[in-house]
2 protein chains.
Amino acid sequence: MNVRTLCLSILYEGESTGYEIRRLCVEGECAYFIEASYGSIYPALAKLEDEGMVTSRVEPQNGKPAKKVYSITAAGRQAFAAQLAEPLGEDLFRSPFLLFARYVHILPRELVAQRAQEFLDRMTEKHRHLEEAMAERGSNASDTWVINFGRAVMGVAQQHVQTHMHELIDLALAEPNKDAAE
Amino acid sequence: MNVRTLCLSILYEGESTGYEIRRLCVEGECAYFIEASYGSIYPALAKLEDEGMVTSRVEPQNGKPAKKVYSITAAGRQAFAAQLAEPLGEDLFRSPFLLFARYVHILPRELVAQRAQEFLDRMTEKHRHLEEAMAERGSNASDTWVINFGRAVMGVAQQHVQTHMHELIDLALAEPNKDAAE
DNA sequence: ACTTGCATGTAAGTGGTTACATGATTGG
DNA sequence: CCAATCATGTAACCACTTACATGCAAGT
C-alpha cells in the first residue's frame with residue numbers, strides 16, 4: 001500500500017514520530033516488509049494532520065532535538081478501517097537476483113558465486129530477523145500469524161538457495177584466466 | 001529492475017514487439033515476476049533504439065495492424081551484461097494482504113474470510129502457473145533453476161495459508177448481526 | 001451493433017526516492 | 001576534530017501507471 005496507510009497503521013498501535021516510523025520500516029518490526037523514506041513520510045504525516053486524521057504535539061528533549069509526536073484521531077481510525085475494507089492491491093515480489101540468475105550462463109563464475117552468496121545472506125538475515133521477532137515480544141495474535149507466514153516462506157527460500165546455489169554457480173561461464181594473469 | 005533492463009532481457013532471448021513484451025510480463029512466462037504497462041514499455045523501446053541498443057523493423061500483417069519487431073544489437077547485449085554485473089537492487093516483497101492480516105481483529109469476519117480465500121486463490125494460481133511452466137517447455141537450465149525456486153517458495157506459501165487461514169479468520173470480529181436484520 | 005483482440009503510441013498524473021539544508025549532542 | 005545519531009523538513013527528479021487517442025478485423 002501507500003505511505004499514508006502505512007503511517008495510519010503504525011499510529012493505530014500508538015503514538016509515534018516521523019523518524020521512528022521510518023526506523024520501524026527500514027530496520028523494523030514491520031513484518032509485512034515495506035520501506036519508506038523521510039521524503040515520503042514527513043509529507044504524508046503533514047497531509048494527514050491537515051485532514052484531521054492525526055494530531056501532533058511537539059515534545060522537547062534534553063540533549064536531543066525536539067520531536068513531533070503524532071497521534072491518530074477517531075476519524076483516522078475510521079479512515080484506516082475503511083481503507084482495509086476496500087479491495088486489496090496485488091502482492092508483488094520483485095527480485096533483481098532472479099533476473100540475474102536467468103543469465104548466469106553469460107556471466108563470470110566468480111560474480112555469480114558472489115551474488116548467490118549475497119542473496120543467501122539476505123535471506124538468512126531476514127529469516128533470522130523474523131525468528132527473533134517471534135521469540136522476543138508478546139505480540140498480539142494476528143501479528144504472530146503474519147510473522148509465522150513470513151518465517152515459513154523465508155525458511156524455505158533460504159534453505160532452497162543454500163542447497164541449490166552451487167548448481168546455479170556451475171552454470172556460469174568458466175572464469176576468465178586467473179593463473180595466466182600473473 | 002527497470003523496464004529498460006526488462007526489455008533488453010527479453011530481446012536478448014529473441015526478437016519481440018512492445019505488445020508481446022507486455023503480454024509476457026503480465027500473463028507471462030517471466031518467472032521472476034515483474035509487471036510493466038504499455039506506457040513504460042513503448043517509450044523504453046524507443047529510447048533503446050535511439051541509443052543503438054536495439055533495431056526495429058515494421059512487419060505488416062494481413063488482417064492485423066502492422067507490428068514493430070525489435071532486435072537487440074551487439075551494443076545492447078553488452079549493455080545488458082554490464083547491467084547485470086553491477087550491484088543488484090534489493091529484492092522486495094510487498095503484501096497488502098499481510099498488512100490487512102495484522103488488523104483482522106477490527107474487521108468483520110466475513111470480510112476476513114473472503115480476503116483470506118482470495119489470497120489463497122492467488123497463491124494457488126501462481127504456484128500452478130509455475131508447475132505448468134516447469135512441465136511444458138524445454139527451458140534452459142538457469143530458467144529451470146529460477147522456476148524451481150519460485151515453486152518451492154510458492155508451494156509453502158500456499159500450503160501455509162491453506163492450513164492456517166482459519167486461525168486468522170477466528171481472530172476477526174464477530175460478524176455483525178445477520179439474522180437480526182431480517 | 002458491439003465487444004474483444006491486435007497493435008502503437010502520448011500526456012497527465014502519481015507516488016515515490018535522492019539529495020540537500022539545518023542543527024545539537026555524544027563518542028571515538 | 002570528525003563521524004554518527006537524533007530529528008525535521010523541502011525541492012528536484014524519476015519511473016511508472018492510467019487514461020486517452022486511433023484503427024482495423026473477427027467473432028457474438
Side-chain angles (χ1 to χ4, degrees), chain A residues 1-11 15-28 30 33-51 54-70 83 87 89-90 92 94 96 99, chain B residues 1-11 15-28 30 33-51 54-70 83 87 89-90 92 94 96 99:
Chain A
M1 297 260 84
N2 51 14
V3 175
R4 178 199 166 84
T5 310
L6 196 241
C7 289
L8 282 178
S9 85
I10 287 171
L11 294 176
E15 295 184 335
S16 198
T17 68
Y19 191 82
E20 206 181 325
I21 287 173
R22 198 254 177 171
R23 203 182 48 76
L24 280 172
C25 299
V26 177
E27 301 156 41
C30 292
F33 332 108
I34 198 169
E35 277 206 5
S37 60
Y38 296 130
S40 55
I41 292 170
Y42 285 121
L45 287 171
K47 208 190 163 203
L48 283 169
E49 191 169 20
D50 262 17
E51 297 168 349
V54 302
T55 54
S56 69
R57 95 191 109 82
V58 176
E59 208 166 84
Q61 299 173 111
N62 51 353
K64 291 177 194 172
K67 61 185 181 180
K68 207 164 166 183
V69 180
Y70 287 92
Q83 176 73 253
E90 276 223 34
L92 74 87
R94 255 237 204 38
L99 174 59
Chain B
M1 298 261 85
N2 50 14
V3 176
R4 177 198 166 83
T5 310
L6 196 240
C7 290
L8 283 178
S9 85
I10 288 170
L11 294 176
E15 295 185 336
S16 198
T17 68
Y19 191 82
E20 206 182 325
I21 288 173
R22 197 255 177 170
R23 203 183 48 76
L24 280 172
C25 299
V26 176
E27 300 156 42
C30 293
F33 332 108
I34 199 169
E35 277 207 5
S37 60
Y38 295 129
S40 55
I41 291 170
Y42 285 121
L45 287 170
K47 209 191 162 203
L48 283 169
E49 191 169 20
D50 262 18
E51 297 169 348
V54 302
T55 54
S56 70
R57 96 191 109 84
V58 176
E59 207 166 85
Q61 299 174 111
N62 51 352
K64 290 177 193 172
K67 61 184 181 180
K68 207 165 168 182
V69 181
Y70 287 92
Q83 177 73 253
E90 276 222 34
L92 74 86
R94 257 240 204 35
L99 173 61

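In this text the structure is predicted, and so the values were computed from the model without any measurement. Within every chain, numbering begins at 1; the chains are lettered A, B, ... in the order of the sequence lines, protein sequences first and strands thereafter.
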Think Gln61(A) has a side-chain N or O under 4.0 angstrom from the OP1 or OP2 of dC6(D)?
-> no
Ser37(A): what forms a side-chain contact (heavy atoms from CB on, under 4.5 Å) with it, not counting sequence neighbours?
-> Ser40(A)
Can you tell me how far P of dA4(D) sits from CZ of Arg23(A), to the nearest Å?
-> 19 Å
Within the sub-3.5 Å range, which N or O atoms of nucleotides 22-28 of chain D have a protein N or O partner, and how far apart are they?
{"residue": "dA25(D)", "atom": "O4'", "partner": "Gly63(B)", "partner atom": "O", "Å": "3.2"}

Sequence neighbours excluded, the answer for side chain to side chain donor-acceptor pair (under 3.5 Å) partners of Glu59(A) is Arg57(A)
At their closest point, which heavy atom of Thr17(A) faces which heavy atom of Lys67(A), and how far apart are they?
-> CG2-CD, 3.9 Å
d(NZ, Lys67(B); C1', dT8(C)) in whole Å | 13 Å
When rounded to the nearest 0.5 angstrom, what is the spacing between OG1 in Thr5(B) and CG in Leu8(B)?
-> 6.5 Å
Round to a whole Å and report the spacing from NZ of Lys47(A) to C1' of dT8(D).
-> 20 Å
I'd like a table of atom pairs between the protein and nucleotides 20-22 of chain C - only N or O on both sides, under 3.5 Å - with the distance next to each one.
none

Under 4.0 Å between a side-chain N/O of Tyr19(A) and OP1 or OP2 of dC6(D), yes or no?
-> yes
With sequence neighbours left out, write down each residue that passes side chain to side chain donor-acceptor pair (under 3.5 Å) with Glu51(B), or none if nothing qualifies.
-> Arg4(B)
Rounding to 0.5 Å, atoms CG (Leu6(A)) and CD1 (Ile34(A)) come to a distance of 4.5 Å
Sequence neighbours left out, what passes side chain to side chain donor-acceptor pair (under 3.5 Å) with Glu35(A)? Give chain and number order.
-> none
Interatomic distance where CG belongs to Leu45(A) and P belongs to dA7(D) [whole Å] | 14 Å
Using the C1' atoms of five pairs at each end, what's the angle between the two axes of the helix from dA1(C)-dT28(D) to dG28(C)-dC1(D), to 10 degrees?
-> 30°
CD of Glu59(B) versus P of dT8(C): gap in Å, rounded?
-> 11 Å
Closest non-hydrogen atoms of Leu45(A) and Gly18(A), given as atom of the first, atom of the second and distance, are CD1-CA, 3.6 Å
Give each protein N/O atom lying under 3.5 Å from an N/O atom of nucleotides 10-19 of chain C, with the pair distance.
{"residue": "dG16(C)", "atom": "OP2", "partner": "Val3(A)", "partner atom": "N", "Å": "3.2"}
{"residue": "dT17(C)", "atom": "OP2", "partner": "Ser37(A)", "partner atom": "N", "Å": "3.2"}
{"residue": "dT17(C)", "atom": "OP2", "partner": "Ser37(A)", "partner atom": "OG", "Å": "2.7"}
{"residue": "dT17(C)", "atom": "OP2", "partner": "Ser40(A)", "partner atom": "OG", "Å": "2.9"}

Residues passing the side-chain contact (heavy atoms from CB on, under 4.5 Å) test with Glu49(B), sequence neighbours excluded, are Val54(B), Ser56(B), Lys68(B), Tyr70(B)
